[in-house]
Amino acid sequence: MEWARMLQAQASRWTGRGLDLLYPPRCPICRRETAATDQGAGSPSLASSWVSSWVSSWAPSWAPDWTATVCGMCTRELSADSGRCRRCGEAGGGADGCRFCPRRPHGWRQIAVLSSYGGSLREAVLRAKRPTGDDVAAALASLLVRKHGEQLVSWGVGRVVPVPMHWLRRSIRGTSAADELSRRIASLLGLPHSRALRRHRATRMQNELPIADRPLNVQGAFRGRLRLGGERILLVDDVMTTGATLSACCRALLDAGAATVDVAVVAKADRSVTDDA
Ligand SMILES: [Zn+2]
Ligand SMILES: [Zn+2]
């Protein structure tokens, strides 16, 4: 039996190497082959084993391993952002708020941001919105948890919820990036995931509107699909600009009985950028 197990393990290693030769693994962000030379600081193999062991220290056994093979260059580039306000997400803030916080009463407690919306992150976010972009969304979610996992765990949230897309838009697009991101984040954190909100009326795209008109566009557009009896919610979206969409979702979650809402977004569009999800 021992021999049989050894043979099986060896065969599986050979098969894996053969597949690697035929289809070399590619970074889901930059699409470059993940070369052996890239396995230095921030390399996929080192990063993945580190994250796997780190995540497994709190996640239950059914939570999946880190499977995204983000290359070292993308890992370093997309994790370099720092010094954001933890309450409103603006660059240059801190843990206790910043000068922009009083002007923007959002309704959530704290926010975690992977990076600024631009460059390769913008391209990755746009690819994550396509039906074939689930691997990109998974990679971005993994990077977010890698960067902010300790903070997310410290918030003590009990459920992960995506910002919903209207059913018609979802059926046209065939996917929802926020859904895939939140599902992945929930798995990595070992938390339940629910599509607890619905967008009951189709709204105009936020990036088609002047910033001042965006809160009215999404006001009352979301409703809870289930009662959240005192739960702490982690609300997830791909991009945030003014926070109008996230604020409207927060209100709907609190109306549905949530005790608190915290937010995690992959990208924060800083002042010169006006795209929003
Ligand atoms: Zn890459
Ligand atoms: Zn702030």
Side-chain angles (χ1 to χ4, degrees), residues 20 23-48 50-51 66-128 132-148 151 155 184 211 215 235 237 239-247 250 260-271 273 276:
D20 277 1
Y23 305 103
R26 288 180 182 275
C27 169
I29 306 292
C30 66
R31 297 296 191 205
R32 280 192 282 265
E33 284 181 20
T34 322
T37 50
D38 200 27
Q39 295 179 356
S43 71
S45 57
L46 286 179
S48 56
W50 181 80
V51 169
W66 162 284
T67 53
T69 51
V70 184
C71 76
M73 199 174 73
C74 289
T75 300
R76 284 188 291 273
E77 183 184 337
L78 300 186
S79 305
D81 187 86
S82 64
R84 282 191 181 272
C85 174
R86 287 194 191 174
R87 290 185 60 203
C88 73
E90 280 296 337
D96 301 320
C98 71
R99 63 195 170 100
F100 299 109
C101 288
R103 290 187 226 165
R104 296 180 175 177
H106 289 308
W108 63 75
R109 291 188 314 176
Q110 295 196 72
I111 184 168
V113 179
L114 175 62
S115 194
S116 180
Y117 188 56
S120 59
L121 183 57
R122 183 176 183 276
E123 286 173 30
V125 165
L126 293 176
R127 273 197 283 124
T132 54
D134 285 359
D135 62 332
V136 185
L140 293 172
S142 299
L143 286 172
L144 183 78
V145 170
R146 182 186 182 195
K147 183 170 181 177
H148 293 297
Q151 187 184 351
W155 291 344
R184 183 75 177 185
I211 284 177
L235 178 65
D237 205 0
V239 185
M240 166 189 168
T241 303
T242 62
T245 302
L246 289 163
S247 288
C250 270
T260 57
V261 181
D262 295 293
V263 172
V265 294
V266 164
K268 167 81 176 71
D270 291 321
R271 297 179 171 280
V273 186
D276 196 1

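The residues of the chain are indexed from 1 along the displayed sequence. Numbering of ligands and ligand atoms starts at 1, following listing order.
- R84 places no side-chain N or O within donor-acceptor distance of the main-chain N or O of S115, the cut-off being under 3.5 Å.
- Rounding to 10°, one obtains 120° for the angle at the Zn ion (ligand 2) between SG (C98) and SG (C101).
- Centred on the Zn ion (ligand 2), the angle running from C85 (SG) to C88 (SG) is recorded as 110°, rounding to 10°.
- You'll find the side chain of Y117 reaches within 4.5 Å of the side chain of V125, heavy atoms only.
- A salt bridge (Lys or Arg N to Asp or Glu O under 4.0 Å) with D135 holds for exactly one of R127, R31, R26; it is R31.
- No donor-acceptor pair closer than 3.5 Å links the side chain of K147 to the backbone N or O of A80.
- To the nearest 10 degrees, the angle centred on the Zn ion (ligand 1) between SG in C27 and SG in C74 reads 110°.
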